Amino acid sequence: MSAEPNRPSISQLAAARVPTDGGDAAYLDGLNPEQREAVLHTEGPLLVLAGAGTGKTRVLTTRLAHIIATRKAWPSQTLTVTFTNKAAREMRERAMQLIGPDGEGLRWLGTFHSISAQILRRHAELVGLKSSFTILDTDDQIRLCKQIIEAENIDPKRWTPRFLAGLIDGWKNRALTPDKVPGDEAYQFADGRGIKCYEIYQARLKVLNACDFGDLLIHNITLFQQNPDLLADFHSKFKYILVDEYQDTNVAQYLWLRLLAQGNSNICCVGDDDQSIYGWRGAEVDNILRFEKDFPGAKVIRLERNYRSTKHILAAASSVIGFNKGRLGKTLYVGDEESEDPDAEKVKVRGLWDGEAEARLISDDIESWRNTGRKYEDCAVLVRASWQMRLFEERFIMLGIPYRVIGGPRFFERAEIRDALAYLRLIRSPDDDLAFERVVNQPKRGVGASSLQKLQRYAREDGRSLFVLTPMILQTDEIKGPAKRGLTQFVDQINMWRDKLAGGMPHTDLAEIILEESGYTDMLQKDRSPQAQTRLDNLKELINALSQFDTLTAFLEHVELVMDVSGDSGGDEVQIMTLHGAKGLEWPLVFLPGWEEEVFPSRRSLDESGMKGLEEERRLAYVGITRARESARITFVANRQIYGRWQSVLPSRFVDELPHEHVDVMAETGYSTQPGADTGFSGSIEDLGERSTYESPGWRRLQANSKRGVAEAPTTIEGSGELLAASGGPSAFKIGQRVFHDKFGYGRVKAAEGTKLTVDFEKTGQKKVISTFLQGV
DNA sequence: GATTTAGATATTTTT
DNA sequence: TATCTAAATC
């Protein structure tokens, strides 16, 4: 959303000596006078609790712009932190629309991690790092953990590297250095060896001159705590601190902020406890719940006027979130009662037979939306887990509906991109052992696991890096044959490339040469697998991305912290993404499929985090519903294939938590078009309102008697036929039971043996069937 | 050292 | 069902 073109910018107002209050206030339409006053003029801690769609970003940018326009601080004296690079970009753009070129000076506007990295680069030596330190990503972390587990002789099956990495990450999220981890938590890993592994991990990082993401903040905290003078410098530097999405901060981020805010307490946090959906990643909703205690004298304002959605959508979202305990409590209300459409569509809830029927219904809905002159890009399908996207993609491809999947594997996390980056990293910093290990045999140079192990053993004893030691070991006869040749070539090539870079070769040219000379492109060109071409394309894209940076170092810094490549948003396409990915976005029409127990709320969440997990799932439901402006459509199914297994599933408890007056609920089996097959049913929410009423006639039939049958033989049915039941077996059907098949019509079960079910059909002469359902009647 | 095969294992995702 | 990893075989 952009600022209204006719409205003067704050800097223009300031320049014209117009009282800025009048001008600024115009940017804060949804706020009452006291709230405007608070946003613009509060000195000292301020918490803005902003419900979904109440203009949270606008509040933050307006405050920032006002501070600068009124010269309370220079742009470089403000610190503005966000969670994502996207949010940071948006914030900068919006601020610049308000204050013009002054915005260029916003040096300290960025993500927690990018700002910490800036600070750490400047003072790295104080925590024992060189300022050229590399930043490891998740993949590197896991590989490092794997090495540690192997070195410690821990069974990697029982204690996986991923688990250890997760544990360390969790500790870092809570700002726990190895000496601070509570003793009993050590037993979460390998009978008490968790802390030891953590210590080794940290020691290794120091040797590698590297940091992981968590370290960026932890090192900052140590830096501040151990160097009061330095901290004081920052206190005088940052006159105002602004924080976006405060509900997502973890303990480390909270401590970091608190240290920086100690100076003058001019900290303004914006957030919504009801939209905290990253608990599994260390976010502490408690931070926002405790704000007034943490920052004494804090002013708190609540934004509850929503300009985005219809009353039905808001009522649905409020009702569901109302089932959570321990909220700060906000009630969203419609921003503009007068322009509210009295005929606004209620939230639609539809129960369907299975995932395919769900995809069919949603695609039909999208087509009819499109036929009324609306756009594809105004619709979104928001799922709980990415595996749910597949069915929609298949259906959309079949119908030719243009769509875009948002999320999915990230560009810089793809194997080929990481390989290419590893070459570049190794050229820049020879001590980067993880990069060395990654590409020393990629493409194949005959350097296998055993040769690499020898090198690693020497490196560990010597304390120097693999790249430095390899030439020395090659002098000896320790490594022979193809491995020796391969290693020699590898080291020579890396050195040669580094010389070329030092000799002034442009880094884009160098990257192409590396891919060519290393044989990497060759390897992919020979590869006949369907992915090979995409991989080559991705590498071209990488070169393209490289060309946008002046130096290799600048590029690598960008990649390490800003792990996204600005995807062209493309044309008129339906958006498919996870609920997590949808935060901060909105569409006129939003589909929310898969509202089934165990799927959403997700079983894992409930198993692992119990009530806390359930509440977070519920917040996810709240986020999902509030993405919709005009229409929200929720669906659930009776049968779902999960990991290839058919399962019958119950509607999500969240369906029961919707407000009756604002939703319209219908459930059907998908057979209702079949003459005489009155298995479809529809009803009001009351029919589905209580758990026991899933025994409403249609539903129980689906639950108790339905099994998916796959007909394999015979291809022609003459009065009777055999069906192979794919799931549950024929035992789900009783002998003599009347059944219905959507191609063969009605019949009666004659025999059920093994996996075969014999059915007498009333009609004869049916044609070939590939796969279809058999249903009890 | 490379290739094949069997077995286990399964969210959400940003930095 | 699909994907990744480790053992088994070439």
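Here is the naming used below: chain letters follow the sequence lines, and residue numbers restart at 1 for every chain. Keep in mind the model is a prediction, meaning the values are calculated, not measured.
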Closest to the A/K146 side chain: B/dA2, C/dA6, B/dG1?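 Nearest nucleotide to the side chain: C/dA6.
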So what does A/N250 touch, heavy atoms closer than 4.0 Å: a base, only the sugar-phosphate, or nothing?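 Touches nothing.
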Give A/T138 one of three labels, base, sugar-phosphate or nothing, depending on what nucleic acid heavy atoms sit under 4.0 Å from its own.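 Base contact.
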I need the [atom1]-[atom2] distance between [X] and [N], as an integer number of Å.
X      : N      : atom1 : atom2 : answer
A/I115 : B/dT15 : CD1   : C1'   : 13 Å
A/N85  : B/dT14 : CG    : C1'   : 9 Å
A/D248 : B/dT15 : CG    : P     : 12 Å
A/D139 : C/dC4  : CG    : P     : 12 Å
A/R640 : C/dT1  : CZ    : P     : 17 Å
A/L216 : B/dT14 : CG    : C1'   : 13 Å
A/R143 : C/dC4  : CZ    : P     : 15 Å
A/R162 : C/dT3  : CZ    : P     : 15 Å

Before we go on, tell me: are the rings of A/F600 and A/F654 under 6.0 Å apart, centre to centre?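 Centroid distance A/F600-A/F654: below 6.0 Å, so yes.
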Looking at A/W280 versus A/H580, is the centre-to-centre ring distance below 6.0 Å?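 Close enough - the centres of the two rings lie under 6.0 Å apart.
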Got a salt bridge between [X] and [Y], using NZ or NE/NH1/NH2 to carboxylate O under 4.0 Å?
X      : Y      : answer
A/E245 : A/K56  : yes
A/D139 : A/R438 : yes
A/R143 : A/D137 : no

Looking at B/dT13, I'd like to know if its phosphate oxygens (OP1 or OP2) sit under 4.0 Å from a side-chain N or O belonging to A/T578.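 For B/dT13, OP1 or OP2 has a side-chain N or O of A/T578 closer than 4.0 Å.
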Name all residues meeting the salt bridge (Lys or Arg N to Asp or Glu O under 4.0 Å) criterion together with A/E478; count only those two or more places apart in sequence or in a different chain, and write none if there are none.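 A/E478 satisfies salt bridge (Lys or Arg N to Asp or Glu O under 4.0 Å) with no other residue.
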Test salt bridge (Lys or Arg N to Asp or Glu O under 4.0 Å) applied to A/E596 - qualifying residues, sequence neighbours left out: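 A/E596: salt bridge (Lys or Arg N to Asp or Glu O under 4.0 Å) contacts with A/R640.
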Name all stems that contain residues of DNA chain B, defined as runs of 3 or more consecutive Watson-Crick or G-U wobble pairs, both distances under 3.5 Å.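 Stem segments, range with range: B:1-10 with C:1-10.
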Atom pairs under 3.5 Å, N or O on each side, protein against nucleotides 3-11 of chain B: can you list them with distances?
{"residue": "B/dT11", "atom": "OP1", "partner": "A/Y643", "partner atom": "OH", "Å": "3.2"}

Considering heavy-atom distances to DNA chain B, does A/G448 or A/L579 have its closest nucleotide positioned more toward the 5' end?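 Nearest-nucleotide comparison on DNA chain B picks A/G448.
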On DNA chain B, does the nearest nucleotide to A/G446 precede the nearest nucleotide to A/F112 from the 5' side, or the other way round? Give the residue.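 Between the two, 5'-proximity favours A/G446.
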Who pairs with A/S276 by side-chain hydrogen bond (donor to acceptor under 3.5 Å, both in side chains), at least two apart in sequence or on another chain?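 side-chain hydrogen bond (donor to acceptor under 3.5 Å, both in side chains) list for A/S276, sorted by chain: empty.
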Ring pair (Phe, Tyr, Trp, His ring centres under 6.0 Å) partners of residues 436-456 of chain A, not counting sequence neighbours, each pair once: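 Sorted pair list: A/F436-A/F490.
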